[in-house]
Amino acid sequence: MSKTALQFRHNGRDVAIFVDGGTNLLVALRELIGDMTPKFGCGQGGCGACSVLIDGELHLACLTLAETVAGRSIETLDGIKQGPNLHPLQRAFADNFAAQCGYCTPGMLMAAKALLDRNPQPSRAEVIEAISGNICRCTGYEPIINAVLAAASSRARA
Amino acid sequence: MARHRGRGIASINYPIGMNLGGDPSQALVHSNPSGKFTVSLSSIDLGQGMKSVTRQICAETLGVPVEDVYVDTADSDTGPHCMGSFASRGTHRVGNAVMAAAKEARGVMMEAAAEELEVNAADLETDGRGNIHVKGAPHRSISTKDVAIAAQFKQGKTISGRGIFLVPLSDVDPETGEMSPATCYAHACLVAEVEVDDETGDVAMIRMDSAYELGRALNPRLVEQQLVGGAWMGISHALYETTEPYYPVSSHGPRDFVEYLMPGPGDICPHDIAVLERPAADGPFGAKGPGEMCANPVLPAVANAIFNAVGVRIDKLPITPEKVLRAIKAQGGARPQPRR
Amino acid sequence: MPITVKTFGSAGEAASALSSDRAARYLGGGTLVMRALNEGDISISTIVRANDHALRRIDAAGPRVTIGAGVTFAKILAERDLAFLHAPARSIGGPAVRNMGTVGGNLFAPNPYGDFTVALLALDATVTVQGGFGARNVPIEEFLQSRDRQAGSLVISISCQKPTNSEAFRYRKITRIRPKGGSVITLAAYVPLSSGRLLDARLALGSMAPMPIRARAAERALEGRPLDASSISAAASAITEGTSPVDDALGSAWYRREIAGVHLRRLLSGQE
Amino acid sequence: MLELRKDIFADERDDNLKEIGKGTQRQDMLGHVTGTSTYFDDHKLQGMLHLKVVRSVHSHARLRRIETTEAEQSQGVRRIIRGADVPRNLNTLLSLINFGKDDEPSLAVDKVRYKGEPIVAVVADSPREASEAMAKVRIEYEPLPTVFDVEDALKPGAPVVNETYPKNTFTYYEKYDHQKLRFGDVERGLAQADHVLEQRYQMSPIEHAPTETNGSIAAPDTNGRYTVYTSTQALFFSVDTCAKILDVPSNTFHFIGGTVGGGFGGKVDTITEPLCILAAMLTGRPVRYVLGREEEMQYGPPRGAERIYITDGVMRDGRIVARKVRAYFDSGAYTRLSSYAAVKCAAHLPGPYTIPNVYGDVYCVFTNRTPATAMRGFGVTAMDFAIECQMDKLAHIVGMDPMEFRILNAYRDGDMKAHRREAKNTALIECVQVAAEKAKWPLRDEFKRASSRQGGGGARAVVPAATREAHAPTVAAAQQRTVYDRAPATAPSREPPPPPPPRPQAPSHGAARFSSVFGTRRR
């Protein structure tokens, strides 16, 4: 099977891999790069567990043809810590007990980050809209919404 | 057109654990030479907080800070037998097993400490901050770390414990159904307020007020996670979910998360919860288990609220807008019941 | 067979590649084709892409707007001159899907997807299609009727006339789930008033037939009349004429018929 | 918002605790927010193969021929697995605790009993190659008549779904086709009631929909063992089930799990592990078998459907004097866990209320749909829906406030429950009182004063002498009867005027509350 060479930035580092035709970005990240933070939840674009940022925009890795990210910058949950410190969103998710099984958490955090990166002071309705593509089966969403709002206000205070 | 509000209630109880084949779980607790403890389980944390609640139970029983305990779950080589994470049995059954194991380990720890302090073990107590001292004489103290070192390198003792909690099988009388299905029961009552659109049958959740009795909230934040998330699942079961929308016709099953309906973050409502604690005689620190029962009162409370709002009874789940609309049309329009 | 990805610099080349290979599918935003591949659809063995800037261009300055087929919903939402299309664009997926899904792909999305197309149908858009032998313009209604046979051709762009004011174009997607849910029914109404009377009103419905359709009987009920309770009521009574909704996981045909008129009335009379 | 009501039952608790009762952060939270919690699928193994199953396209059919030659030669295919390759191709989950007969193959051999039933497993280098090979598996079906309705399945002449249970019902105690509950004389209670309400309730199947689908990875380990990463909710159930199906000692396996992306009951059935391990055994390579989302939704086991009939007898003053229940659990084509749900459900009757005459028949029924399994609230959720809707209707019929109606009928410490065990540690009344307070729902003082700890026991603690099978009752002439599928009448003109509000039912009166049930006095 012929493979295509592919280079892109992964959490600030340049990486190069060879992909089979049709490989999606989720498989590329997990199986070829070894970044297990994006999760497989459906492969249909319906759950958001594989959400990543491509050039700062929220995308679903499972619906992204890997070779379309050539030369672009991919950010996953693995890259959002600030040095040894948690990102304010990670802290807020923890403080608000916004994770139970934890499987949707990486995607939720990326969706929330995509929001706060361009709208640092969102309303509750904007938070709801921002996470609407991400399914959580455990929490009932309320703690997640509160966590994102808390992260926004902690950043405002900082 | 009009939108009508209504309130409905439901009250329930729920059995803790399973009764079939007996209901055992085991736990192992051991200390490393620094006085840090590992709990080995084959139980599963599927989000409910198994690791966290057994960690607190172990720390409380040992008398050490929670940071000194780590729970390792679900390895069939290292974790002793557990029936599994279902039937609301985690907190109660596994919690009891961990408690028993931690008690045994504590016994050895206190003996070892007694030997070091040259007192009787019965005269010692833990301060919960990592020290063991003579009752009434806090200055005659030794750290759990020093006890662990002494036990390992000097005394030749293993600070460890084994625990099992078994609810033996209760036979069922085939003729009468006489049986002991559970050892304790959790309780709840929930009030749901809804708004019903009498032209479309849409039902919107407005708010919920509830009281849940769980024996003891071993960790109120974990309890809150279960109750908030569980009530959401209750709303979902009441109004949205099924794999067979035209049951018992089996067609048109959903294939993805757009077709499988669950309330989104824009469909949720405020939920004000009170937790009551009537300790169960056989629960770890009296605890029962909130995991499953939290969804149950929501379904009927919502159905009853819909009746209060528009006067129709929907007895088939899920209560889709179509069922509500058909019922409203069949009775010739909404018939709001007295507000309550 | 392994999958081959073919990337072209121009839409024309891509269209040729597409029309010459029955197992080829054009990859737009990925929400349809990648999903199919993930689900084991082995009928696709070639993915065709085009890096043609024309596909991502928006020309919205004048009275007639042209939107490249590869324009995403997020791009539409970022374009102030396309404010009339913001409601339909916002109704698609969640933020990630809006960053990926394209206007061209939406034309091919089966129920319960494809809501943006309902808006374009009410706007009587024109679809520019690149076949093996050059581009041609197809009225959207005609395009949709032959959609199943369009697999070998490539949509280049969509164009339509801007509504004269914000009241003249209305859109509503009825979902069970908020804020992101599949369509129970989707309504789009082009209701321009000329001297207080409706002229060339167009109503389009999603999820009321295998693909988006015009509600011509209801349009006739509005034509030449003021937009008032009486004309709205007449249109609402006629809204299901010619529709063929089906039972699916989101709602039954009966339910869709029952509520179509209610929601049309609410949409046209400005109620929630 | 969560409020701890420490004031209630404070005298029963010792709150002098250090770690218990604190809102300590979850041990796994840091892993969750950093994405480093390790789920079964987060293991990358060298040379991993992918397993997919070919599923039945019919709900019920004889398998005339399964042809896999072409599939075996398909590119990238390492192994095709058929039913004959499974060492013990018949199992039932609860056989591990001696409950029920083996009734389900890992891979169907001569017959399929639900749409989506696995027939052939394909093990290939990539998911794509597995899909291509699947398309080359040829299966000839001979469709058979199907049954999808639980009551149709019980009719004479209904298609037999599962030959292990030819009457389409699970067999209890080797003699009954249902689980019984008998307490008191329900027909007599119903006959004497002022109102009888008969209703039917139904719950459709529900999917657990965990964000992580069911799956496992099995890999040959050193020394002849197999390491298995799994999403199971019940580790040793899975270990022992695999040992049984694969006919090897259980210590052949090293199962690793424990961090699972949601379960809710849907990961108890051990549906991926046996084939995944078998594939690893047959190929000598690591194998991954993960359900896709559509597979999970359609062929992963759901919370089974239930149909419930309830007939209640209530007195005008609000006392429920009889509750008769007939319930059907739709088990789908195989038993899995529904057999146990029926037992649990029977034990749950009549809900958290003290009712002197209770009668229950609970059936576990086989139909041609996806086998059902446990889910959050197993055996109880639908019954609670039915009972609590029924309670609301009964309160409405007798003109009582629904909260006060529940307090009036609530079980209390010392009462005898229908499964013949004393009620202890009850707290339903207090939950109703606190919920009323939260919701600003007015309760009259006597109901605010009621307590789970008072008014129980005495006559209420007695197992009724007469336990009777159902028999033709003599119905009181004045009785109001409301039947299925019709909303209960609300004080129609022909009915006597609504009763006066119930007299203060001081808890201490409890012992005498049921006196009229066994006598002839009517108010």
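Given the structure is predicted, the values throughout are model-derived calculations rather than measurements. Naming: A, B, ... by sequence-line order, numbering from 1 per chain.
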Inset, instruction - Check each atom of B:Asp171 against the heavy atoms of chain D and say whether the ones under 4.5 Å are side chain, backbone, both or neither. - result: neither
Legend entry - Whether B:Thr126 side chain and B:Gly128 backbone form a donor-acceptor pair below 3.5 Å: no
Legend entry - Portion of B:Arg278 that has a non-hydrogen atom of chain D nearer than 4.5 angstrom: both
Inset, instruction - Identify which of B:Asn304, B:Thr73, B:Thr242 forms the greatest number of heavy-atom pairs closer than 4.5 Å to chain D. - result: B:Asn304
Inset, instruction - Please check if the distance between the ring centroids of D:Tyr411 and B:His187 is under 6.0 Å. - result: yes
Inset, instruction - Identify which part of B:His271 has an atom lying under 4.5 Å from any heavy atom of chain D, answering side chain, backbone, both or neither. - result: backbone
Inset, instruction - Give a yes or no on whether the backbone of B:Val275 and the side-chain of D:Arg5 come within a donor-acceptor separation of less than 3.5 Å. - result: no
Inset, instruction - Can you tell which part of D:Phe255 gets under 4.5 Å to a heavy atom of chain B, answering side chain, backbone, both or neither? - result: both
Legend entry - Contacting region of D:His254 [heavy-atom separation from chain B under 4.5 Å]: both
Legend entry - Part of D:Thr426 lying under 4.5 Å from any heavy atom of chain B: both
Inset, instruction - Give, as side chain, backbone, both or neither, the part of D:Arg26 having an atom under 4.5 angstrom from any heavy atom of chain B. - result: both
Legend entry - chain D contact via B:Asp256 - which portion, at a heavy-atom distance below 4.5 Å: backbone
Legend entry - Under-4.0 Å salt bridge between D:Arg369 and D:Asp330: yes
Inset, instruction - For each of D:Glu437, D:Glu12, D:Met203, tally heavy-atom pairs with chain B at distances under 4.5 Å, and name the one with the top tally. - result: D:Glu12
Legend entry - chain D contact via B:Ser210 - side chain, backbone, both or neither, heavy atoms under 4.5 Å: backbone
Inset, instruction - Answer yes or no: is there a side-chain heavy-atom contact under 4.5 Å between B:His237 and D:Arg303? - result: yes
Inset, instruction - Would you tell me whether D:Ser452 and D:Glu430 have side-chain atoms, one donor and one acceptor, within less than 3.5 Å of each other? - result: yes
Inset, instruction - Examine whether an atom of D:Gln433 lies under 4.5 Å from a heavy atom of chain B, and if so say whether it belongs to the side chain, the backbone or both; otherwise answer neither. - result: neither
Inset, instruction - Determine, for D:Arg225 against B:Asp77, whether the closest basic-nitrogen to carboxylate-oxygen distance falls under 4.0 angstrom. - result: yes
Inset, instruction - Could you look at D:Ala374 and say if it's the side chain, the backbone, both or neither that has a heavy atom under 4.5 Å from chain B? - result: neither
Inset, instruction - State whether D:Arg13 and B:Glu277 are salt-bridged, where the test is any N-O pair (Lys NZ or Arg NE/NH1/NH2 against Asp/Glu carboxylate O) under 4.0 Å. - result: yes
Inset, instruction - Classify the angle between the aromatic ring planes of D:His396 and B:Phe307 as parallel (below 30°), tilted (30 to 60°) or perpendicular (above 60°). - result: perpendicular
Legend entry - B:Tyr246 portion near chain D, given a 4.5 angstrom heavy-atom threshold: neither
Inset, instruction - Go through D:Leu235, D:Ile206, D:Leu181, D:Asn425 and name the one with the most non-hydrogen pairs under 4.5 angstrom from chain B. - result: D:Asn425
Inset, instruction - Examine whether an atom of D:Tyr173 lies under 4.5 Å from a heavy atom of chain B, and if so say whether it belongs to the side chain, the backbone or both; otherwise answer neither. - result: side chain
Inset, instruction - Can you tell which part of D:Lys18 gets under 4.5 Å to a heavy atom of chain B, answering side chain, backbone, both or neither? - result: both
Legend entry - Ionic contact status for D:Lys22 with D:Asp15, cut-off 4.0 Å: no
Inset, instruction - Sort out for me which of B:Ala188, B:Pro284, B:Gly84, B:Pro248 touches chain D most, counting heavy-atom pairs under 4.5 Å. - result: B:Pro248
Inset, instruction - Select one option (side chain, backbone, both, neither) describing which atoms of D:Val268 are under 4.5 Å from chain B's heavy atoms. - result: side chain
Legend entry - D:Glu296/D:Arg293 ion pair, N-O < 4.0 Å: no
Inset, instruction - For each of B:Val71, B:Leu299, B:Leu190, tally heavy-atom pairs with chain D at distances under 4.5 Å, and name the one with the top tally. - result: B:Val71
Legend entry - Contacting moiety of D:Gln179, where chain B heavy atoms sit under 4.5 Å: side chain
Inset, instruction - Would you give the length of the straight line joining atom OG1 of D:Thr24 to atom CG of B:Asn219, rounded to the nearest 0.5 angstrom? - result: 5.5 Å
Legend entry - Contacting region of B:Ile57 [heavy-atom separation from chain D under 4.5 Å]: both
Inset, instruction - For each of D:Ala347, D:Gly262, D:Gly257, tally heavy-atom pairs with chain B at distances under 4.5 Å, and name the one with the top tally. - result: D:Gly257
Inset, instruction - Determine the option with the most heavy-atom pairs under 4.5 angstrom with chain D, choosing from B:Glu224, B:Lys51, B:Met179. - result: B:Met179
Legend entry - Region of D:Val239 in contact with chain B, defined by heavy-atom distances below 4.5 Å: side chain
Legend entry - Selection from D:Glu295, D:Gln25, D:Lys115, D:Met375 maximising heavy-atom pairs under 4.5 Å formed with chain B: D:Met375
Inset, instruction - Identify which part of B:Val312 has an atom lying under 4.5 Å from any heavy atom of chain D, answering side chain, backbone, both or neither. - result: neither
Inset, instruction - Answer yes or no: is there an ion pair linking D:Lys438 with D:Glu3, defined by an N-O contact shorter than 4.0 Å? - result: yes
Inset, instruction - Sort B:Met50 into side chain, backbone, both or neither according to what part of it lies under 4.5 angstrom from a heavy atom of chain D. - result: neither
Legend entry - D:Glu294 and D:Tyr299 side chains, donor-acceptor separation under 3.5 Å: no
Inset, instruction - Using distance alone, with no hydrogens and no angle criterion, decide if B:Asp209 and D:Trp441 have a side-chain donor and acceptor under 3.5 Å apart. - result: no
Legend entry - Between D:Met403, D:Arg182, D:Glu388, D:Lys6, the one whose heavy-atom pairs under 4.5 Å with chain B are most numerous: D:Glu388
Inset, instruction - Check whether B:Val191 gets within reach of chain D through its side chain, its backbone, both or neither, counting any heavy atom under 4.5 Å. - result: side chain
Inset, instruction - Report the option among D:Arg453, D:His32, D:Met383, D:Lys440 that has the most heavy-atom pairs separated by less than 4.5 Å from atoms of chain B. - result: D:Arg453
Legend entry - Which portion of B:Leu222 sits near chain D, non-hydrogen atoms under 4.5 angstrom: side chain
Legend entry - Distance (rounded to the nearest 0.5 Å) between D:Ile256 CD1 and B:Asp75 CG: 5.0 Å
Inset, instruction - Check the side chains of B:Ser11 and D:Tyr353 for a donor-acceptor pair under 3.5 angstrom, ignoring hydrogens and angles. - result: yes
Legend entry - B:Gln48, part contacting chain D, at a heavy-atom distance under 4.5 Å: backbone
Legend entry - Among D:Lys180, D:Lys175, D:Arg420, salt bridge (charged side-chain N to carboxylate O under 4.0 Å, His left out) partner for B:Glu175: D:Lys175
Inset, instruction - Let me know if D:Asn98 has heavy atoms under 4.5 Å from chain B in its side chain, its backbone, both or neither. - result: neither
Legend entry - Check: B:Ala186 main-chain N/O paired with B:Glu213 side-chain donor or acceptor under 3.5 Å: no
Inset, instruction - Quick one: which of B:Ala301, B:Gly63, B:Gly234, B:Gly230 has the most heavy-atom pairs under 4.5 Å with chain D, could you say? - result: B:Gly230
Legend entry - chain D interface, residue from B:Met208, B:Gln225, B:Glu193 that has the most non-hydrogen pairs under 4.5 Å: B:Gln225
Inset, instruction - Look at the rings of D:Phe385 and D:Tyr201 and say which category their plane angle falls in: under 30° parallel, 30 to 60° tilted, over 60° perpendicular. - result: perpendicular
